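Keep in mind the model is a prediction, meaning the values are calculated, not measured.
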Amino acid sequence: MCLNNNIIEGVGVKKLVLILALCMSAQAFAVDMRALRGSNGFVELGDSYSKLRDVLGRPESSFEHNIRDGRGRPYPATTYKYRVDNANYAITIVDGRVYRIDWVESAYLGTNILVAYDC
């Protein structure tokens, strides 16, 4: 009977380890940042879109979508994809201001990059 319990406990631990590994890998998809350094200065949350363009230049691509506030109201947003120092970033603009800066793993960049932005 003890052997069977040990086997069951072993399987339970393996499942727990698998779940933790999956959770950790999902968190590595995008890292929320407060600022990004470009060649001409810093871009921070709340900065204007024009400052973003002054510091980082033209984006590689952009995507228009909606985000939702705490009450579920939609707001139009545009997310721009930049490559800075061989790293990929997604910067979201709402009402002409930097709303979100994310470092994004290159394996996830592509046409569906914004699946993570279901805010």
Looking only at non-hydrogen atoms, find the nearest pair between T78 and E64 and report the distance.
OG1-CG, 3.7 Å
Sequence neighbours left out, what passes ring pair (Phe, Tyr, Trp, His ring centres under 6.0 Å) with Y75? Give chain and number order.
none
I need the minimum non-hydrogen distance between G41 and V55, along with the two atoms involved.
O-CG1, 3.4 Å
Kindly determine whether I93 and V98 satisfy side chain to side chain contact (heavy atoms under 4.5 Å, CB included), including the steps that lead there.
CA-CA 5 Å; I93 304 293; V98 176; 3.8 Å; yes
Just to verify, what does R71 make a side-chain hydrogen bond (donor to acceptor under 3.5 Å, both in side chains) with, not counting sequence neighbours?
none
Mind checking what makes side-chain contact (heavy atoms from CB on, under 4.5 Å) contact with A87, not counting sequence neighbours?
Y89, W103
Listed once per pair and sorted, the salt bridge (charged side-chain N to carboxylate O under 4.0 Å, His left out) pairs that draw on residues 48-58, sequence neighbours left out
D47-K51
Distance from T92 atom OG1 to D102 atom CG, nearest 0.5 Å?
6.5 Å
Any side-chain heavy-atom pair from K81 and S61 closer than 4.5 angstrom?
yes
With under 30° as parallel and over 60° as perpendicular, where do the rings of Y80 and Y82 fit, or are they tilted in between?
tilted
Shortest non-hydrogen pair, A77 vs I67, comes out as CB-CG2, 4.2 Å
Which atoms form the tightest heavy-atom contact between R37 and V84, and what is the distance?
O-CG1, 3.6 Å
What residues form a side-chain hydrogen bond (donor to acceptor under 3.5 Å, both in side chains) with S50, not counting sequence neighbours?
S48
Closest non-hydrogen contact found for G38 with L56 is CA-CD2, 3.7 Å
Under the side-chain contact (heavy atoms from CB on, under 4.5 Å) test, residues paired with P74 that sit two or more places apart
N66, R68
For a side chain to side chain contact (heavy atoms under 4.5 Å, CB included) check, start with the C-alpha distance between R83 and E60, then their side-chain angles and the critical distance, and finish with the verdict.
CA-CA 7 Å; R83 186 159 185 84; E60 290 183 3; 3.0 Å; yes
Can you tell me how far apart OG1 (T79) and CD1 (I101) are? Round to the nearest 0.5 Å.
11.5 Å
R97: what forms a side-chain hydrogen bond (donor to acceptor under 3.5 Å, both in side chains) with it, not counting sequence neighbours?
none
